[in-house]
Every structure is written in structure tokens, then in C-alpha cells.
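The next block holds one structure in the form of C-alpha cells; read it before the comments.
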Amino acid sequence: MAFGWIDEQAAARRRAGLVRSLRPRPADSPLLDLASNDYLGLARHPEVVAGAQEAARTWGGGATGSRLVTGTTELHTALEHELAAFCGFEAALVFSSGYAANLAAVTALAPHGSLIVSDAGNHASLIDGCRLARGTTQVVGHADPDAVRKALGTHDGPALAVSDTVFSVDGDAAPLADLAEACREHGAGLVVDDAHGLGVLGAGGRGAPHAAGLAGADDVVVTVTLSKSLGSQGGAVLGPARVVEHLVNAARTFIFDTGLAPAAAGAALAALRLLGREPERAARAREVATGLHARLTAAGLEAVRPDAAVVSVRAPSPEEAVQWAADCRAAGLFVGCFRPPSVPDGISRLRLTARADLTEEQIERAVQVIGGTRP
């Protein structure tokens, strides 16, 4: 029977307790949200919503075509210019998602005969970029510049190291300066995904590469998402102008995809300008993360010290992690739940988002709920 194998896989997932399901949320959820990636609390900010509304009124509901045909508006160009300037890079290119941006950066910069050195903890979009690229991929240990250096030393030709700046599971930061040094010793490029760093790290939220002194470097390419700190949707690649020009001509997820909807571009631009006026939001997100970690560990929970705005709390098993998250929801708290195969080390976790707009009362309430529902 066609697709009969799907039933076998579904049964295996049920036996392993790994079935995933969609849970539509209402517009006005009563739950305290520590699960979304809205790090700066901007997704519903009046200025960001107004930016989306004005863009939709001006440009319509969709981009109407690929970026190279009708999908590039003056709004997209303004967003690219201001995003590049804010983060300290020469140029930027906006995509329909952060996933598409990562696929573009990795595949277009790793031609036949090249080597890609990929961190074992990288996000799925970087992993898929490596799989689709025409170069050869070597996976190395997590956050290990010496392993990157050793791998690059085995190759004679174009090479690329690929890493998250802040890893989405535990919220730990990559040693960017050391990675850049390892790449430069071998003439390799460095591509980093700053999805969880933009808006949180660096001066005024300019990102982890900016904080590491790598902004504007001619051998560093950065991808970002517009769907986390900027409260919108979409992605972008930042880097030297010649790299961006190459992506326009070679990146399939740019050439053959419909452009980002104007409403999303307008919301992201409004959020970027708001962050420029209110840089303290970045510091507040880090402060909330540090406070959450301190209170959770004081309550006897095993929480990973955050380097940005992600706080990870270890769970005994996948089944207990799912039940723990469900018990938190029943108590009025929405938390993320990460379990295999989403976590490469096999350790299940609750994943908490430290949002800049959380109050001290809300933080204390979250800690009490998590501690009170622990397995």
C-alpha cells in the first residue's frame, strides 16, 4: 500500500513517546508565555503592529513574486540597508525565512571541492544547508575551535566553518573570536547563525558577531532571523557586498522563492528602529535570563547558565519532559519542551525564553510553577 511505511513510523513514535502535535493558541492566551522566541516583547508592540499594517496598506498582502521579478519593494531595500548598518556589515539580503537564509548562505558558499566544518550542535537549518551543499561536510565537537582548526588543516581548497552564535537548545554561546582565528589560519570563511543573538547580545542588541569584534569582517557572513527579537517573520544574510551579490545570483532559496510579505518587512523595520531607540531592551533580556537561572538553581533544578536569552532546564526523560510541560500549561505557564530527536545529546529539557518585557512578579511565578510541577 502506498505510504504504508508511514503507519509503521507513527507506531514507532508512539511507542517511544515522541509523537508531536499542533496546538493552536488563541489570540489572547491566558498563559504566561515563556515558550516563544519574542525575546524583546515586540511582536505585539503597537509600533511593530502599525509597521505591518502600513506596509500591507501600501504594498498589499503579498510580495507578488520572487525577489528578482516583482518581490523586491522599496521597503525590502530599506530594511536591508538599515539592518546591515545596525549590525555593522556592508550589505544585507532579506529572505522569506531564517531557514531559507541559512540554506542560501551555506549552499551558495560551499561549491564542489570545498569543505564545510559544522558544529555538532548546529540548528537543523544549518545542517540541512550542509546536506544540500555540493561541498563535503565534516561535523566536529560542539564549540571546539581546535577541532575546527584540525579539520580545516586536512583540506586544500575552499573551506567554510559553520556555527550558531547562540545554540537554541541550551542557550550557550559559541567562541566566535576563536573560531574566526582558526578559520583565518587556513584562509577559510566563517558563516554564523545569529538567530538567538540579534537583539540580545552586542551593544544595544547588535548581535554576537558585533560583540566579538567580527562585524564588517570580509571573511565573516552572518545569518539572522526577523522572527525572534524583531517580532516579525523572515530572515537575512549579512556580510561583504560581494557575498550578497553572489547570493543574489546563486542562492536558490533567494532566486526561486517568493519575496518576504511586505507586512513582515514593515514589522521588522519598525522593530529594528524601536530597538535602536531603546537599546536597554537587550540588556533587560539578558538580566531576565540570569535571574531565571539563579532562581531555578536555587530551587534545586538543573538549569544551564544562559549566555543570551535561552534558559534550559533538564528533565529526567522524554515522557517526563512532556508531562512536565503539560503540567506547567495546566498551571498557567507555557514553556517549550525539547526532546529527541530535536536534541542531539538525547537529554530532554524544558526550554524557557527570557523576555525583556517580563516583570519580576512573572519571573517568580514562573519559577514557582516549574518547581512545583517538577517530575
Side-chain angles (χ1 to χ4, degrees), residues 24-29 31-57 59 61 63 75-76 78-80 82-84 86-87 92 94-101 123 125 165-166 168 171 193-202 204-208 222-236 238 259-289 308-311 334-336 351-359 362:
R25 61 180 175 87
D28 295 312
S29 173
L31 300 179
L32 174 59
D33 176 20
L34 265 72
S36 75
N37 292 318
D38 187 18
Y39 294 135
L40 303 183
L42 296 182
R44 290 177 176 265
H45 192 284
E47 290 186 31
V48 176
V49 174
Q53 292 172 329
E54 179 60 26
R57 280 193 295 266
W59 300 102
L75 183 62
H76 291 80
L79 175 59
E80 287 167 345
E82 294 193 30
L83 187 61
F86 181 80
C87 296
V94 166
F95 290 75
S96 61
S97 71
Y99 210 109
H123 186 264
S125 54
T165 64
V166 177
S168 62
D193 177 1
D194 201 33
H196 300 276
L198 176 65
V200 178
L201 300 178
R206 285 171 170 77
V222 176
T223 63
V224 297
T225 179
L226 311 178
S227 64
K228 295 180 171 60
S229 287
L230 298 185
S232 181
Q233 189 169 350
L238 315 175
L260 182 67
L269 185 56
L272 184 66
R273 290 170 175 172
L274 181 61
L275 177 57
R277 297 198 316 271
E278 300 179 2
E280 65 275 7
R281 287 180 179 267
R284 175 58 183 167
R286 298 194 301 270
E287 179 185 351
V288 171
V310 173
V311 181
F334 193 10
V335 298
R351 180 185 181 276
L352 315 179
T353 298
R355 296 201 330 268
D357 60 339
L358 290 177
T359 66
Q362 289 173 321

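Not measured: the values here are computed from a predicted model.
Side-chain contact check for L83 versus L272: some heavy-atom pair is nearer than 4.5 Å. Taking the side chain as every heavy atom from C-beta outward, E47 and R277 approach each other to under 4.5 Å. Counting heavy atoms from C-beta outward, Q53 and V49 have side chains that approach closer than 4.5 Å. Between V224 and L238, the closest side-chain pair of non-hydrogen atoms falls below 4.5 Å. With contacts defined as side-chain heavy-atom distances shorter than 4.5 Å, the pair V48/S232 does not qualify. Looking at D194 and T223, their side chains never come closer than 4.5 Å, going by heavy atoms from C-beta outward. Contact annotation: the side chain of L34 never approaches that of V311 to less than 4.5 Å [non-hydrogen atoms, C-beta and beyond]. Under the 4.5 Å side-chain criterion, counting only non-hydrogen atoms from C-beta, L352 is not in contact with V310.
With 3.5 Å as the limit, one finds no donor-acceptor pair spanning the side chains of N37 and R355.
Other residues, nucleotides and ligands place more than 12 heavy atoms under 6.0 Å from the CZ atom of R57. Annotation for E80: atom CD counts as buried by contact number, over 12 foreign heavy atoms lying within 6.0 Å.
The shortest non-hydrogen separation linking T225 to A195 is CG2-CB, 3.6 Å. Here the closest non-hydrogen pair linking R44 and A27 is NH2-O, 2.5 Å. Of all heavy-atom pairs spanning G336 and A35, the tightest one is N-CB, 3.6 Å. Nearest heavy-atom pair, L226 versus A268, reported as atom, atom and distance to 0.1 Å: CD1-CB, 3.9 Å. Contact record, G205 with L198: O-CD1, 3.6 Å, taken as the closest heavy-atom pair. The shortest heavy-atom contact between G235 and A101 is C-CB, 4.3 Å.
Remark: side-chain polar atoms of H76 are paired, donor with acceptor, to backbone N or O of L260 under 3.5 angstrom. Side-chain N or O atoms of E54 include none that pairs as donor or acceptor with a backbone N or O of G51 at under 3.5 Å. With R286 contributing its side chain and A308 its backbone, the two residues share no donor-acceptor pair below 3.5 Å.
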task = Just do the side chain to side chain contact (heavy atoms under 4.5 Å, CB included) check on V166 and L201 with the steps written out, would you?
result = CA-CA 10 Å; V166 177; L201 300 178; 3.6 Å; yes
inquiry  = Apply side-chain hydrogen bond (donor to acceptor under 3.5 Å, both in side chains) to residues H196 and Y39 and explain how you reach the verdict.
reply    = CA-CA 9 Å; H196 300 276; Y39 294 135; 2.6 Å; yes
key: Test log, rule side chain to side chain contact (heavy atoms under 4.5 Å, CB included), inputs L40 and L274   = CA-CA 11 Å; L40 303 183; L274 181 61; over 6 Å; no
task = Test side chain to side chain contact (heavy atoms under 4.5 Å, CB included) on D38 and T353 and set out the steps.
result = CA-CA 8 Å; D38 187 18; T353 298; over 6 Å; no
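Considering only residues two or more places apart in sequence or on other chains, R273 meets the salt bridge (Lys or Arg N to Asp or Glu O under 4.0 Å) condition with E82.
Look at E278 and R284 and you find no salt bridge, because none of the NZ, NE, NH1 or NH2 atoms lies under 4.0 Å from a carboxylate O.
With rounding to the nearest 0.5 Å, the separation of NZ in K228 from OG in S36 is 10.5 Å. Between the CG atom in D357 and the CG atom in L42 there is a gap of 8.0 Å [rounded to 0.5 Å]. Considering CG of D33 and CZ of R25, their distance stands at 7.5 Å, rounded to 0.5 Å.
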